[in-house]
Amino acid sequence: MATKDKPLLRALKGEAVWPPPVWLMRQAGRYLPEFRAMREQADFITRCMTPDIAVELTLQPVRRYGMDGAILFSDILILPWAMGQDLRFEEGRGPVMTPIRSEADLARLDEGRMMEAVAPVREALRRLRVELPDETTLLGFAGSPFTVACYMVEGGSSRDFAHIRAMMQNDPALFDRLMDILTRNTAEMLCGQIEAGAEAVMLFDSWGGILPPEAFRRYVIEPTRQIVAHICARHPDVPLIGFPRLGGVMVAEYAEKTGINALALDTVADMAKVAEMVPETVTLQGNLDPMILLNGGEALKAETRRIRDSLRGRPHVFNLGHGVIKTTPPEHVATLVETIRDV
Ligand SMILES: Cc1c2[nH]c(c1CCC(=O)O)Cc1[nH]c(c(CCC(=O)O)c1C)Cc1[nH]c(c(CCC(=O)O)c1C)Cc1[nH]c(c(C)c1CCC(=O)O)C2
């Protein structure tokens, strides 16, 4: 299938496609009744690791809305799970893991089993390439090493990131070893996703924005640059999307130094201003406020048109600034997609 039939892939490769292609972070999720119906059947990790279920959940929003992109149903915490860290999701609490805070904890990670443990993810991608419409682009993804390290060290979600901050300050050598393990395995896992059929991949950096500039360079920009270089050496034609959430003004340096093809922007970013700060060859992705999608109405239509039109003439992929909120009425997502395409 030629790229010309896939608007999202064209936009990610630097073409100003009009109207812009669209997909949404967390487009497969609890806001969809068909998702909630499947949710009863198995726990979250089982759903991610059973190709039949992961394929079905990935396809649901594509069927319903004709999204230009299908993001694999999985999670950024599947990587530490695949290296042997325990993981479960608790209602109301999110992910819960036994934290990694010492040399001995780190020694328990088993990198050797990672690729085998994520074999079902590659199987789901292979099936998706067969089942998806020809014009839909299949996206793989991973968390960035820093963001995944946050969950691994904190043992789940955190308000203050106290343990990871302590490790960075008190035992930088240990923290560097964890980052090194994550950087290598993230690159390896993403190459595996590409070889199984992912046509572009995205790196979610949800928490890099907590770091001051020097630490951001060291723990966000540099590992991302290494991952991009590793993937690029093996798959030079596959675009990479980076999402340095809450990165503020550092996002321009991130786009310049990491070598990513597309820069995903969070809700607070002023797209038009960021567009002036990054080269025209970098595709911008984003950045409608998920709250505006939740509320719907005329404000949704007006803000959608404003964002779409503000980037006309530049390579742009329409998306949210963060994931779909679970109470979002499904009709609002239909309105969003129709509004983008009504030109
Ligand atoms: C930080 C992070 C995680 N996971 C992810 C991030 C980065 C993006 C962001 O900042 O939100 C990324 C992610 N998580 C999920 C996807 C799948 C693809 C998609 O539809 O976007 C993707 C790309 C599914 C998921 N990941 C999770 C669910 C909910 C599980 C369920 O209730 O069935 C889904 C559909 C669970 C999850 N996973 C994670 C948390 C904190 C939680 C619990 C909170 C929550 O439920 O939103 C870690």
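We number each residue from 1, following the sequence as shown. Atoms considered below: every heavy atom in the structure, side chains included; atoms not considered: hydrogens, waters and symmetry mates. Fair warning: this is a prediction, and the values are worked out from it, not measured in the lab. When a ligand or atom number is given, it counts from 1 through the structure's own listing order.
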Give the other cluster members for Trp18, using side-chain heavy-atom distances under 4.5 Å between Ile, Leu, Val, Met, Phe, Trp and Tyr residues; answer none if it is isolated. Val343
Applying side-chain hydrogen bond (donor to acceptor under 3.5 Å, both in side chains) as the test, list every pair that has at least one member in residues 41-51; sequence neighbours left out. Asp43-Thr46
Distance-only criterion, 3.5 Å: show the donor-acceptor pairs between side-chain atoms of residues 82-90 and protein atoms not counting sequence neighbours.
{"residue": "Gln85", "atom": "NE2", "partner": "Thr98", "partner atom": "O", "Å": "2.8"}
{"residue": "Gln85", "atom": "NE2", "partner": "Met152", "partner atom": "O", "Å": "3.3"}
{"residue": "Asp86", "atom": "OD1", "partner": "Thr98", "partner atom": "N", "Å": "2.8"}
{"residue": "Asp86", "atom": "OD1", "partner": "Thr98", "partner atom": "OG1", "Å": "3.1"}
{"residue": "Asp86", "atom": "OD2", "partner": "Thr98", "partner atom": "OG1", "Å": "2.7"}
{"residue": "Arg88", "atom": "NE", "partner": "Glu90", "partner atom": "OE2", "Å": "3.1"}
{"residue": "Arg88", "atom": "NH2", "partner": "Glu90", "partner atom": "OE2", "Å": "2.7"}
{"residue": "Glu90", "atom": "OE1", "partner": "Arg93", "partner atom": "NH1", "Å": "3.2"}

Salt bridge between [X] and [Y], side-chain N to carboxylate O under 4.0 Å?
X	Y	answer
Asp68	Arg10	no
Arg225	Glu256	no
Arg127	Asp52	yes

Give me the pairs of N or O atoms, one from ligand 1 and one from the protein, that sit under 3.5 Å apart.
{"residue": "ligand 1", "atom": "4 (N)", "partner": "Asp75", "partner atom": "OD1", "Å": "3.0"}
{"residue": "ligand 1", "atom": "10 (O)", "partner": "Ser206", "partner atom": "OG", "Å": "2.6"}
{"residue": "ligand 1", "atom": "10 (O)", "partner": "His322", "partner atom": "NE2", "Å": "2.8"}
{"residue": "ligand 1", "atom": "11 (O)", "partner": "His322", "partner atom": "NE2", "Å": "3.1"}
{"residue": "ligand 1", "atom": "14 (N)", "partner": "Arg26", "partner atom": "NE", "Å": "3.3"}
{"residue": "ligand 1", "atom": "14 (N)", "partner": "Asp75", "partner atom": "OD1", "Å": "3.1"}
{"residue": "ligand 1", "atom": "20 (O)", "partner": "Gln27", "partner atom": "N", "Å": "3.4"}
{"residue": "ligand 1", "atom": "20 (O)", "partner": "Ala28", "partner atom": "N", "Å": "3.4"}
{"residue": "ligand 1", "atom": "21 (O)", "partner": "Arg26", "partner atom": "N", "Å": "2.6"}
{"residue": "ligand 1", "atom": "26 (N)", "partner": "Arg26", "partner atom": "NH2", "Å": "3.2"}
{"residue": "ligand 1", "atom": "26 (N)", "partner": "Asp75", "partner atom": "OD1", "Å": "2.7"}
{"residue": "ligand 1", "atom": "32 (O)", "partner": "Arg30", "partner atom": "NE", "Å": "3.4"}
{"residue": "ligand 1", "atom": "32 (O)", "partner": "Arg39", "partner atom": "NE", "Å": "3.2"}
{"residue": "ligand 1", "atom": "32 (O)", "partner": "Arg39", "partner atom": "NH2", "Å": "2.7"}
{"residue": "ligand 1", "atom": "33 (O)", "partner": "Arg39", "partner atom": "NE", "Å": "2.8"}
{"residue": "ligand 1", "atom": "33 (O)", "partner": "Arg47", "partner atom": "NH1", "Å": "3.0"}
{"residue": "ligand 1", "atom": "33 (O)", "partner": "Arg47", "partner atom": "NH2", "Å": "3.1"}
{"residue": "ligand 1", "atom": "38 (N)", "partner": "Asp75", "partner atom": "OD1", "Å": "2.7"}
{"residue": "ligand 1", "atom": "46 (O)", "partner": "Arg30", "partner atom": "NH2", "Å": "2.8"}
{"residue": "ligand 1", "atom": "47 (O)", "partner": "Arg26", "partner atom": "NH1", "Å": "3.1"}
{"residue": "ligand 1", "atom": "47 (O)", "partner": "Arg26", "partner atom": "NH2", "Å": "3.3"}

